[in-house]
Enquirer: 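To start, I am sharing the structure in question, which I have written as structure tokens.
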Number of protein chains: 2
Amino acid sequence: MPSPPRPPRATAARKSAASKPALSRERVIEAALAEIDERGVAAFNLRNLAERLAVYPTAVYWHVPNKTAILAEVVAVVFRDVAPQQRKNDDWRSYLRRLFQRYRESARRHPNVAPLVAAHLVGNLRIDFDFVEGVLAALSAAGLAGARLVAGYNAVVAALIGFVIQEFSPLPEADTEQWQSAVQQRLLGVDPAAHPVLAANLPLLANKAFILRWQNGSEAPLDDSYASFVEQVLAGLESLRE
Amino acid sequence: MPSPPRPPRATAARKSAASKPALSRERVIEAALAEIDERGVAAFNLRNLAERLAVYPTAVYWHVPNKTAILAEVVAVVFRDVAPQQRKNDDWRSYLRRLFQRYRESARRHPNVAPLVAAHLVGNLRIDFDFVEGVLAALSAAGLAGARLVAGYNAVVAALIGFVIQEFSPLPEADTEQWQSAVQQRLLGVDPAAHPVLAANLPLLANKAFILRWQNGSEAPLDDSYASFVEQVLAGLESLRE
DNA sequence: GCAGCAAATTGTACGATGTACAACGACACT
DNA sequence: AGTGTCGTTGTACATCGTACAATTTGCTGC
């Protein structure tokens, strides 16, 4: 006796079928983001999404071609408007600082989306010309041109995602409890003979450095490191100016 | 009439059951890597893996707890031994240069693994103390200590993955044909009024800059940009030395 | 040699998930 | 009223991860 396919939430009085559509591409994406925020990407699936929207699973497909398209859109939404406004008398450095800040804040607002960024980013920031132009303009104002401009641009984009992805990507899920102490244990077991610098700096590094952490960026943000990172990137670009 | 569950490849004379195990954790991981190299992560599944190993799907579970563990191991294998050897009279710069070089080469050998790196890297490079110590020792030799050491370390790790992940992550799958020309089309349609710097530098950037590419790093490597990137990172670290 | 045990694999089965596809209702315009 | 299109319901299925029981095989102590 297979239970009926779990009718949509009977509560909310939905608009009747065709008058004003209950769904829309935007509502779907929005709900998907909410779903991911609550449950994480791994647990995200179309049936839960549909339930949240109070429709049957396949209704979603009217507005969206498939699941990966939804994920791509979600990423796009999260990072929409990362590109800062140009300000008059804007220094290229301060523009880039703001860009880095905004990017990280977008990620921090939706940490569960972070792992998607890597997978989708190539085609993502979906050819956001404003974003690209913003970076290029800043670098151009810094005096970069030609091959150096390209190299600077790629460096900025690489840096932008490299830090943030790692900071906010979820740690080995679920059994956090046990895993956390396992990591701490391993750290305590460092052999000062084999790994002297690490051993000597353990207290400084523990939970504050990639790979040596047991908490996520949303629980234990790496504010200082990020601030320093941004300055390092700027210094790197500076060195490109010849 | 459900077809029988597709018996394992009848060919290869497997070792009999318990004498010398046909499988082993290593063989599983190795086969998984091969599978991913050929088909990509998205298409990777346990049944194909089992078929390649000429066993029934669930036999794999004797050696490995679950799929994600396999993926984690695969990443670990690919980046095993990234940490370069220390050389006598080793300059910290040349050590880091080698590290960056080796990391990228590992990724280039298995580009399909790239998207996994982000997802798993946090717990990945599975507390490879040799890797960590290598970076720390180099930075320490550069004169960094305390908070600056931490910041430098995090910057290196962030930079390491930021560029490479993006360079090699697969572009919007499948319909490459159509997608590629779509991207090119959009690029040609840039409005010089709205995005002047981009428009002016289009030929330089097209297919050679993140977001503005239509080919993967394995097809169109960003060698020059990466070389520059590494030098920028070093300059950034330099700036940390006060 | 043989009983029994453990290791490793075969086979079966099930629930979750993405998605195709065929109704079907509701409004919009004739 | 008739008809077509939009948006949704409802059904159905193939794929996949994995639990679990049955079975085979070699190894060990007797």
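All values below were derived from every heavy atom in this structure, side-chain atoms included, with hydrogens, water molecules and symmetry-related copies excluded. Naming convention: chains lettered A, B, ... in sequence-line order (proteins, then strands); numbering from 1 in each chain.
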Enquirer: Whole-Å distance between dA19(D) P and Tyr61(B) OH?
Expert: 7 Å
Enquirer: To the nearest Å, give me how far apart CG (Asn66(B)) and P (dC16(D)) are.
Expert: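 Value for this atom pair: 17 Å.
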Enquirer: Assuming nearest nucleotide by heavy-atom distance, tell me which of Val60(A) and Phe44(B) is located more 5' along DNA chain D.
Expert: Val60(A)
Enquirer: Is the closest basic N to carboxylate O distance between Lys208(A) and Asp223(A) below 4.0 Å?
Expert: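 The answer is no: the pair does not qualify as a salt bridge.
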Enquirer: Atom CZ of Arg27(B) and atom P of dT9(C): how far apart are they, to the nearest Å?
Expert: 9 Å
Enquirer: Roughly how far, to the nearest 0.5 Å, is CG of Leu116(B) from NE2 of His110(B)?
Expert: 12.5 Å
Enquirer: Taking donor-acceptor contacts at under 3.5 Å, does the side chain of Thr58(B) reach the base of dG17(D)?
Expert: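 When only heavy-atom distances are counted, Thr58(B) does not reach the base of dG17(D) through any donor-acceptor pair under 3.5 Å.
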Enquirer: Quick one: do Arg52(B) and Glu38(B) make a salt bridge, cutoff under 4.0 Å?
Expert: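 Salt bridge: yes.
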Enquirer: What's the CG-C1' distance between Asn45(A) and dG17(D), to the nearest Å?
Expert: 14 Å
Enquirer: Could you pick out which residue, Ala59(B) or Pro65(A), lies toward the 5' side of DNA chain C when each is mapped onto its nearest nucleotide?
Expert: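 Looking at the nearest nucleotide for each, Ala59(B) comes out on the 5' side.
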Enquirer: How long is the line joining CG of Asn48(B) and C1' of dC16(D), in whole Å?
Expert: 11 Å
Enquirer: Determine the interplanar angle of the Phe229(A) and Phe100(A) rings, folded into 0 to 90°, and report it as parallel if under 30°, tilted if 30 to 60°, perpendicular if over 60°.
Expert: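 Perpendicular, since the angle between the ring planes exceeds 60°.
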Enquirer: Go through dT10(C), dT19(C), dA7(C) for me and flag the one nearest to the Leu46(A) side chain.
Expert: dT19(C)
Enquirer: Only one of Phe168(B), Tyr226(B), Tyr103(B) forms a ring pair (Phe, Tyr, Trp, His ring centres under 6.0 Å) with Phe163(B), so which one is it?
Expert: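 Option passing the ring pair (Phe, Tyr, Trp, His ring centres under 6.0 Å) with Phe163(B): Tyr226(B).
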Enquirer: Given dT9(D), dT9(C), dT18(D), which nucleotide is nearest the side-chain atoms of Pro57(B)?
Expert: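 Selected nucleotide (nearest to the side chain): dT18(D).
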Enquirer: Round to a whole Å and report the spacing from CD of Glu51(B) to P of dG17(D).
Expert: 14 Å
Enquirer: Choose from dT8(D), dG18(C), dT18(D) the nucleotide whose nearest atom is closest to any side-chain atom of Arg47(A).
Expert: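 Nearest nucleotide to the side chain: dG18(C).
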Enquirer: What is the distance from CG of Leu53(B) to P of dT9(C), rounded to the nearest Å?
Expert: 10 Å
Enquirer: Are His63(A) and dC6(D) close enough that a side-chain N or O sits under 4.0 Å from OP1 or OP2?
Expert: no
Enquirer: Counting side-chain heavy atoms from C-beta on, which of dT10(C), dA20(C), dG18(C) comes nearest to Tyr56(B)?
Expert: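 Given the options dT10(C), dA20(C), dG18(C), the side chain of Tyr56(B) is closest to dT10(C).
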Enquirer: Between Leu49(A) (CG) and dA16(C) (C1'), how many Å, whole number?
Expert: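 Whole-Å distance recorded here is 16 Å.
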